[in-house]
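All remarks here apply to the structure that follows.
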Amino acid sequence: AMLKLVYRIGCSLSIFAAALVILDNICNPKRLKKSIYNQIITLMAFFDIIYGIATVLFHMPRPLGDIMSPSGEKGNMLSCLAQGWFIQLGGMTSLFLNAALSTYYVLLVGRQQTAGTSPLIKFKKY
């Protein structure tokens with residue numbers, strides 16, 4: 001029970017921090033539109049919220065009578081599959097966005113540019 005509580009508190013703090021990042025970037029649309037870094041960070045925060053919500057639920061979507069599940073499960077097989085899908089969506093998207101952010105930094109440092117004068121800005125579609 002204590003581990004479940006610690007896990008839920010950690011995920012809730014992650015959701016709160018990601019919401020603050022999104023709020024900070026949305027409140028300054030010029031910065032969000034101009035900087036590829038801020039766009040990637042905002043997307044990472046959005047998918048972190050999806051991952052956090054799916055993991056906060058942790059045991060609830062599991063089917064009744066599951067051997068690996070402690071008491072407190074209230075779900076069925078479909079809710080369990082949906083939770084797994086959202087955990088995979090949040091986790092894999094975060095992985096690829098981290099790779100995109102790393103690529104951005106490599107290109108930025110390799111060309112010795114500042115973030116505002118990045119050559120990647122000309123590749124943006126909007």
Side-chain angles (χ1 to χ4, degrees):
M2 185 63 165
L3 182 62
K4 193 189 306 186
L5 179 67
V6 170
Y7 196 70
R8 285 186 177 170
I9 289 172
C11 287
S12 299
L13 288 174
S14 176
I15 291 168
F16 179 71
L20 287 178
V21 168
I22 290 173
L23 185 66
D24 182 45
N25 283 325
I26 287 177
C27 287
N28 194 345
K30 288 181 183 177
R31 180 179 64 185
L32 185 62
K33 215 171 199 185
K34 184 178 179 183
S35 173
I36 295 171
Y37 167 79
N38 286 324
Q39 292 172 3
I40 294 172
I41 291 295
T42 303
L43 276 174
M44 285 175 70
F46 174 74
F47 285 106
D48 188 40
I49 289 173
I50 290 174
Y51 180 80
I53 290 171
T55 52
V56 160
L57 298 176
F58 196 51
H59 290 295
M60 289 180 66
R62 290 190 180 194
L64 290 169
D66 188 8
I67 294 173
M68 299 299 290
S69 182
S71 63
E73 61 272 344
K74 297 178 177 122
N76 55 25
M77 200 60 177
L78 188 60
S79 64
C80 186
L81 289 172
Q83 181 193 25
W85 189 85
F86 282 112
I87 287 174
Q88 290 297 319
L89 175 71
M92 294 303 289
T93 306
S94 179
L95 176 77
F96 288 120
L97 287 171
N98 268 316
L101 190 61
S102 298
T103 304
Y104 171 73
Y105 278 128
V106 165
L107 292 174
L108 202 66
V109 170
R111 298 215 180 215
Q112 297 177 350
Q113 303 276 331
T114 59
T117 61
S118 172
L120 295 174
I121 291 177
K122 66 182 177 183
F123 294 113
K124 290 183 3 180
K125 292 189 178 197
Y126 54 92

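All values below come from the heavy atoms of this structure, side chains included, with hydrogens, waters and symmetry mates left out.
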Can you find a heavy atom in the side chain of Leu97 that is under 4.5 Å from one in the side chain of Phe47?
yes

Nearest 0.5 Å please: distance from the CD1 atom of Ile87 over to the CD1 atom of Ile53.
12.0 Å

Is it true that Ile40 and Leu89 fall in one hydrophobic cluster, defined by side-chain heavy atoms closer than 4.5 Å?
yes

Looking only at heavy atoms, which two atoms of Tyr7 and Thr55 are closest? And how far apart?
CE2-O, 3.5 Å

Which distance, rounded to the nearest 0.5 Å, do you find between the CG of Asn38 and the CD1 of Ile26?
11.5 Å

Find the distance between CG (Leu43) and CZ (Phe96) and round it off to the nearest 0.5 Å.
14.5 Å

Could you measure the distance from the OH atom of Tyr37 to the CZ atom of Arg31? Nearest 0.5 Å is fine.
9.5 Å

Common cluster, Val106/Leu95, ILVMFWY with side-chain heavy-atom separation under 4.5 Å:
no

To the nearest 0.5 angstrom, please state how far the CG atom of Asn25 sits from the OG atom of Ser35.
8.5 Å

Test of understanding: clusters of I, L, V, M, F, W, Y form through side-chain heavy atoms closer than 4.5 Å, transitively. Do Phe46 and Leu23 belong to the same one?
no

Do Lys33 and Asn28 have side-chain heavy atoms sitting under 4.5 Å apart?
no

Same cluster or not: Tyr51 versus Met44, using hydrophobic residues (I, L, V, M, F, W, Y) connected whenever any side-chain heavy atoms lie under 4.5 Å apart?
no

Identify every side-chain donor-acceptor pair in residues 9-22 under 3.5 Å, counting partners at least two apart or on other chains, and give the distances.
residue : atom : partner : partner atom : Å
Ser12   : OG   : Arg8    : O            : 2.8
Ser14   : OG   : Asp48   : OD1          : 3.4
Ser14   : OG   : Asp48   : OD2          : 2.7

Is it possible for you to say whether Ile50 and Met92 belong to one hydrophobic cluster, with membership spreading through side-chain heavy-atom contacts below 4.5 Å?
no

